[in-house]
Every structure is written in C-alpha cells, then in structure tokens.
Amino acid sequence: MLGTNIGLQIEPCEGEKYNVKISLKTGIAFEREFKTPFSGAFADAPSVEHICWLAWTATRESGRVVSLFDEWIANDVADITLH
C-alpha cells in the first residue's frame, strides 16, 4: 500500500511501452511536492497531474533520461496506465 505494489505503464510517443513501480522514495517525494498524503493520489478522484508526476519521477528513478516535467508530458508521453 505504501507504494511498491503500485505500477504504472508508460506509453511514450516514440518507442516501446515500459513499466515503472512507485517506490517509497517516490511516495515521499510526492508528499513533499504536493503537500498531501500519498494515499490521496489514488483516492476517489485521482488528479491527472499527480499520476503524471508519479510516472515522471518513477521513470527518472528507473535510470531513464527524461525532459523537464512539462516538456515530458507535452512531447514524450502518449498515455499512462495505472496497474
């Protein structure tokens, strides 16, 4: 529940889909960035920005080189699926 069992599938605009897991580190970074509990990201009405930020951060943590957040969303990502 704290994060490591939450996965996201990223569909880039170019290239193959890939999966990332939300680490505890990412969960804590989320709480610091948005000043809200991590569990709130997946509550009744999840924020698209929250899901995208988690995907972006988890992608960076996986070792992939990514653009700045707004550029990544605008130019590099076609879709994100929670699983």
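All residue numbers refer to positions in the sequence shown, counting from 1. Values below: every heavy atom of this structure, side chains too, minus hydrogens, waters and symmetry copies.
Taking both residues in full, the closest heavy atoms of Lys21 and Gly7 are given as CD-CA, 4.2 Å, listed atom of the first, atom of the second, then distance. Nearest heavy-atom pair across Lys35 and Arg32 is NZ-O, 3.4 Å. Listed here is the closest heavy atom pair of Glu31 and Phe38: OE2-N, 2.9 Å.
For the atom pair CH2 (Trp53) and OG (Ser47), the distance works out to 12.0 Å, reported to the nearest 0.5 Å.
Remark: Asp70 engages no residue in a side chain to side chain contact (heavy atoms under 4.5 Å, CB included) (not counting sequence neighbours). Residues passing the side chain to side chain contact (heavy atoms under 4.5 Å, CB included) test with Ala45, sequence neighbours excluded: none. In this structure, the side chain to side chain contact (heavy atoms under 4.5 Å, CB included) partners of Asn19, at least two apart in sequence or on a different chain, are Gln9, His83. Residues passing the side chain to side chain contact (heavy atoms under 4.5 Å, CB included) test with Leu8 are Ile10, Val20, Ile22, Ile51, Leu54, Ala55, Ile80, Leu82, sequence neighbours excluded.
Screening residues 55-67 for side-chain hydrogen bond (donor to acceptor under 3.5 Å, both in side chains), with sequence neighbours left out, gives Tyr18-Thr59, Ser23-Glu61, Thr26-Glu61, Ser67-Asp76.
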